[in-house]
Protein chains: 2
Amino acid sequence: MVTRQPTIESPAVEVQELLRTLFGRQRRRFLIAAAELDLHPAQAGTLLQLSSPLPMNELASRLGCDNSNVTGLIDRLEARKVVTRQPESHDRRIKLVVLTAAGHRLRRELLDRLRQPLDDLAGLSEAEQRQLRDLLRRALPDEPAH
Amino acid sequence: MVTRQPTIESPAVEVQELLRTLFGRQRRRFLIAAAELDLHPAQAGTLLQLSSPLPMNELASRLGCDNSNVTGLIDRLEARKVVTRQPESHDRRIKLVVLTAAGHRLRRELLDRLRQPLDDLAGLSEAEQRQLRDLLRRALPDEPAH
DNA sequence: TATTGTTATACTCTATAACTATA
DNA sequence: TATAGTTATAGAGTATAACAATA
């Protein structure tokens with residue numbers, strides 16, 4: 001029988017390992033969800049950003065890529081009729097990317113599939129969930145998720 | 001002064017939000033680290049898998065892509081002299097992908113940059129880290145990270 | 001003059017299918 | 001016959017640079 005040594009590892013190292021597991025699982029879920037909806041990961045990421053209309057500009061910034069990439073990305077989403085380009089009255093250089101009704105449905109579909117990972121936490125009691133929340137809050141300095 | 005309402009949200013929802021923050025941060029760190037080392041994300045992911053030599057085959061499976069992709073991926077890493085293809089004596093169909101010395105250095109460089117996120121946890125006391133570890137262990141059913 | 005978005009170009013990733021060499 | 005890896009092909013993402021329209 002294998003006796004599991006009480007590890008010498010610092011808890012931080014073990015936490016790191018557990019988080020890596022969680023990250024990996026989440027990433028795989030994202031890729032699978034995107035593929036199931038016939039979305040390239042970049043397209044799925046774009047959709048997730050569109051909780052409200054955004055200028056191409058801002059989209060590029062959030063996706064961490066060049067403006068020129070967004071053109072092609074939105075071209076293809078537009079061809080699929082899940083987004084449209086709308087003019088911004090205040091500044092005619094700007095085009096707002098807006099979800100169509102089909103786009104909203106697709107985004108919802110995607111979000112539904114991504115919510116699953118949190119079922120991981122369903123095994124914890126309410127008290128434990130509160131404990132976990134408080135620890136994460138303390139660990140994470142304030143900063144928007146984006 | 002803003003009095004923070006004790007939220008009605010279930011703790012699970014808040015945990016979800018905090019984890020999303022953590023995921024997003026980690027993802028951005030990965031992309032930045034890869035770019036800084038002049039690696040395409042897929043190449044960086046490949047490097048991370050190579051803690052020990054692997055058949056092209058196995059690499060494709062771990063990266064969740066087709067065998068044919070790995071050929072090009074390894075071609076470019078080999079051109080950069082960070083990996084080599086070595087024959088497997090037992091089965092001459094198999095080629096093992098092995099890190100070169102430069103490859104090990106590059107992988108270490110990448111890992112060093114990815115370790116940062118854990119500094120997020122440095123603000124927690126040892127006892128809090130243990131608590132966090134135990135909660136995550138309970139939340140995560142046993143399953144390899146991969 | 002600076003900014004928003006597009007186009008052109010070149011490189012990489014990705015899936016599919018057809019091929020080879022081994023087993 | 002099945003498997004490991006390659007090649008060919010086509011579609012998509014990405015960065016860079018040059019450009020038009022607008023500010």
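What you see is a predicted model, and the numbers here were worked out from it, not measured in a lab. The chains referred to below are lettered A, B, ... by the order of the sequence lines, with proteins before strands, and numbering in each begins at 1.
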### Exam field: side chain B:Glu78 to backbone B:Arg85, donor-acceptor pair closer than 3.5 Å
yes
### Task
Go through the N and O atoms of the side chain of B:Ser68 and the base of C:dT16, and report whether any donor-acceptor pair is under 3.5 Å.
yes
### Message
For the backbone of B:Leu47 and the side chain of B:Arg107, can you confirm whether one donor and one acceptor N or O come within less than 3.5 Å of each other?
### Response
yes
## Note on the structure
Closest to the side chain of A:His40, out of D:dG13, D:dT6, C:dC13, is D:dG13
### Task
Round to the nearest Å and state the distance from B:Ile94 atom CD1 to D:dG5 atom C1'.
10 Å
### Task
Mind calculating the distance between NE2 (B:His90) and P (D:dA4) to the nearest angstrom?
16 Å
### Summary
Taken to the nearest whole Å, CG/A:Asp66 to C1'/C:dA8 is 13 Å
### Query
Between A:Arg76 and D:dG13, does any side-chain N or O lie under 4.0 Å from OP1 or OP2?
yes
## Note on the structure
When rounded to whole Å, the CD1 to C1' distance for the pair B:Ile74 and D:dT7 reads 17 Å
### Message
Taking side chain to side chain contact (heavy atoms under 4.5 Å, CB included) as the criterion, tell me which of B:Ile94, B:Asp91, B:Val97, B:Val70 meets it with B:Pro55.
### Response
B:Ile94
### Message
Taking B:Ile74 as the starting point, is it possible to reach B:Leu37 by hopping between hydrophobic residues whose side chains are less than 4.5 Å apart?
### Response
yes
### Message
With a cut-off of less than 4.0 Å, is there a side-chain N or O of B:Gln43 near OP1 or OP2 of C:dC13?
### Response
yes
### Protein-nucleotide distance (B:Leu39, atom CG; C:dC11, atom P), rounded to Å
18 Å
### Task
Whole angstrom is fine here: how far is it from CG in A:Leu73 over to C1' in D:dA12?
9 Å
### Task
Would you tell me if any nitrogen or oxygen in the side chain of A:Asn57 comes within less than 4.0 Å of OP1 or OP2 on C:dT3?
no
#### Entry: Nearest-angstrom distance from the residue atom CG of A:Asn67 to C1' of D:dA18
14 Å
#### Entry: Test item: B:Gln129 side-chain N/O and B:Leu124 main-chain N/O as donor-acceptor pair under 3.5 Å
yes
### Message
What's the closest nucleotide to the side chain of B:Arg93 if the choices are C:dG5, C:dT22, D:dT14?
### Response
C:dT22
### Task
Please state how far atom CG in A:Asn69 lies from atom C1' in D:dG13, giving the value in whole angstrom units.
7 Å
### Query
Which one, C:dT6, D:dA15, C:dA15, comes nearest to the side chain of A:Cys65?
D:dA15
### Query
Among the nucleotides D:dG5, D:dA23, C:dA23, which one has an atom lying closest to any side-chain atom of B:Arg92?
C:dA23
